[in-house]
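Below you'll find the structure, written out as structure tokens, and then a few comments.
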Amino acid sequence: MDKRKKEKDIRPGWDEYFLEIARLVSKRSTCLRRKVGALVVKDRRILATGYNGTPSGIKHCSEVGCLREKLKVPSGERHELCRGLHAEQNVLLQASLHGVSLKGSSIYVTNQPCIICTKMIINAGIREVVMSDHYPDPMALDFLREAKIKVRKVK
């Protein structure tokens with residue numbers, strides 16, 4: 001059998017598939033510091049997607065600049081100074097806007113959620129977080145463990 005055909009026929013696993021979609025979603029981000037994508041999945045079906053960026057109708061950071069960058073705020077701190085919403089917040093809001101329950105679902109995200117997003121994930125009824133990269137927020141991981149939400153890091 002032709003090696004190219006054999007390689008072409010290799011299908012990605014579900015985690016690889018959904019994380020690759022999250023990476024694609026992140027490309028819509030308007031954040032100047034970090035591009036993050038998220039999607040919520042239940043029964044191998046995508047329920048909603050989200051990326052980090054400013055709320056609808058608000059100027060993008062690429063237009064007005066980043067206050068956190070200007071003030072040299074370290075990653076993981078002073079979220080209230082950011083014009084944008086996190087990808088996890090946007091995916092939860094999109095589901096809510098369209099009347100989609102996330103109870104019992106999994107969230108795939110390109111970076112570990114922060115503590116603010118973690119609290120929202122817990123209360124949305126999401127049962128699993130699958131992420132590909134780190135984020136400097138150990139409290140968020142503690143909360144996920146305490147809430148008995150499964151956490152997996154997948155490359």
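Here, residue 1 is the first one in the sequence, and each next residue gets the next number. Note that these values count all heavy atoms, side chains included, but never hydrogens, waters or copies made by symmetry.
- With salt bridges taken as basic N to acidic carboxylate O contacts below 4.0 Å, none links Lys148 and Glu146.
- To the nearest 0.5 Å, atom CG of residue Asn111 and atom OG of residue Ser132 are 6.5 Å apart.
- Considering all non-hydrogen atoms of both residues, Leu39 and Ala22 come closest at CD2-N, 3.3 Å.
- Both Ile21 and Val154 sit in one connected hydrophobic cluster of ILVMFWY residues. Membership requires side-chain heavy atoms under 4.5 Å apart, directly or through other members.
- Here the SG-CG distance, from Cys31 to Leu85, works out to 11.5 Å after rounding to the nearest 0.5 Å.
- Between Phe18 and Trp14, the ring planes are parallel. Angles under 30° get that label, and only those over 60° would be called perpendicular.
- Judged purely by atom type and a 3.5 angstrom limit, Asp137 uses its side chain to pair as donor or acceptor with the backbone of Ile115.
- Panel note: side chain Ser105, backbone Lys42; no donor-acceptor pair is recorded below 3.5 Å.
- Counting non-hydrogen atoms of neighbouring residues, nucleotides and ligands closer than 6.0 angstrom, the CZ atom of Arg152 exceeds 12 such neighbours.
- Residues Leu141 and Val151 come closest through the heavy atom pair CD2-CG1, 4.3 Å.
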Could you check Arg33 against Glu69 for side-chain contact (heavy atoms from CB on, under 4.5 Å), going step by step and ending with a plain yes or no? CA-CA 8 Å; Arg33 293 178 69 158; Glu69 186 114 321; 3.2 Å; yes

Determine whether Tyr135 and Ser75 satisfy the following criterion, side-chain contact (heavy atoms from CB on, under 4.5 Å), listing intermediate values before the conclusion. CA-CA 8 Å; Tyr135 187 75; Ser75 183; 3.7 Å; yes

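- Of all the heavy atoms in Ile149 and Arg127, the pair that sits closest is CG2-O, 3.5 Å.
- For Glu80 against Arg78, the heavy-atom pair with the smallest separation is OE2-NE, 2.5 Å.
- Put simply, the side chain of Arg68 gets close to the backbone of Glu77: a donor and an acceptor are under 3.5 Å apart.
- Remark: side-chain polar atoms of Ser62 are not paired, donor with acceptor, to backbone N or O of Thr30 under 3.5 angstrom.
- What you find for Ile58 and Thr54 is that their closest heavy atoms are O-OG1, 3.3 Å.
- Taking hydrophobic clusters as Ile, Leu, Val, Met, Phe, Trp and Tyr residues chained together by side-chain heavy-atom distances below 4.5 Å, Leu47 does not share a cluster with Tyr51.
- With values rounded to the nearest 0.5 angstrom, His86 atom NE2 is found 10.0 Å from Ser29 atom OG.
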Residues Val129, Gln112; criterion side-chain contact (heavy atoms from CB on, under 4.5 Å); working and verdict: CA-CA 8 Å; Val129 174; Gln112 174 199 310; over 6 Å; no

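- Residues Leu92 and Leu144 are members of one and the same hydrophobic cluster, defined by side-chain heavy-atom contacts under 4.5 angstrom among Ile, Leu, Val, Met, Phe, Trp and Tyr.
- At a threshold of 4.0 Å, the pair Lys153-Asp133 does not count as salt-bridged, since none of the basic side-chain nitrogens sits closer than that to a carboxylate oxygen.
- Taking CG of Leu71 as the reference point, atom CG of Leu81 lies at 6.5 Å (rounded to 0.5 Å).
- Arg83 CZ to Cys66 SG: the interatomic distance, rounded to the nearest 0.5 Å, is 10.0 Å.
- A continuous path of hydrophobic side-chain contacts links Val40 to Met131 [ILVMFWY only; heavy atoms under 4.5 Å].
- Tyr17 and Leu24 are members of different hydrophobic clusters when ILVMFWY side chains are connected at heavy-atom separations under 4.5 Å.
- Residue Val91 comes nearest to Ala38 through the heavy atom pair CG2-O, 4.1 Å, listed as atom of the first residue, atom of the second, then distance.
- Going from atom OG of Ser106 over to atom CD of Glu128 covers 3.5 Å, rounded to the nearest 0.5 Å.
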Does Ile116 form a side-chain contact (heavy atoms from CB on, under 4.5 Å) with Gln89? I'd like the steps, not just the answer. CA-CA 9 Å; Ile116 295 166; Gln89 294 167 340; 3.6 Å; yes

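- For Asn52 (side chain) and Gly84 (main-chain N/O), no donor-acceptor pair under 3.5 Å exists by modelled atom type.
- A donor-acceptor pair under 3.5 Å is absent between the side-chain atoms of Lys27 and the main chain of Arg23, judged by distance alone.
- Other residues, nucleotides and ligands contribute at most 12 non-hydrogen atoms within 6.0 Å of the CZ atom of Arg28.
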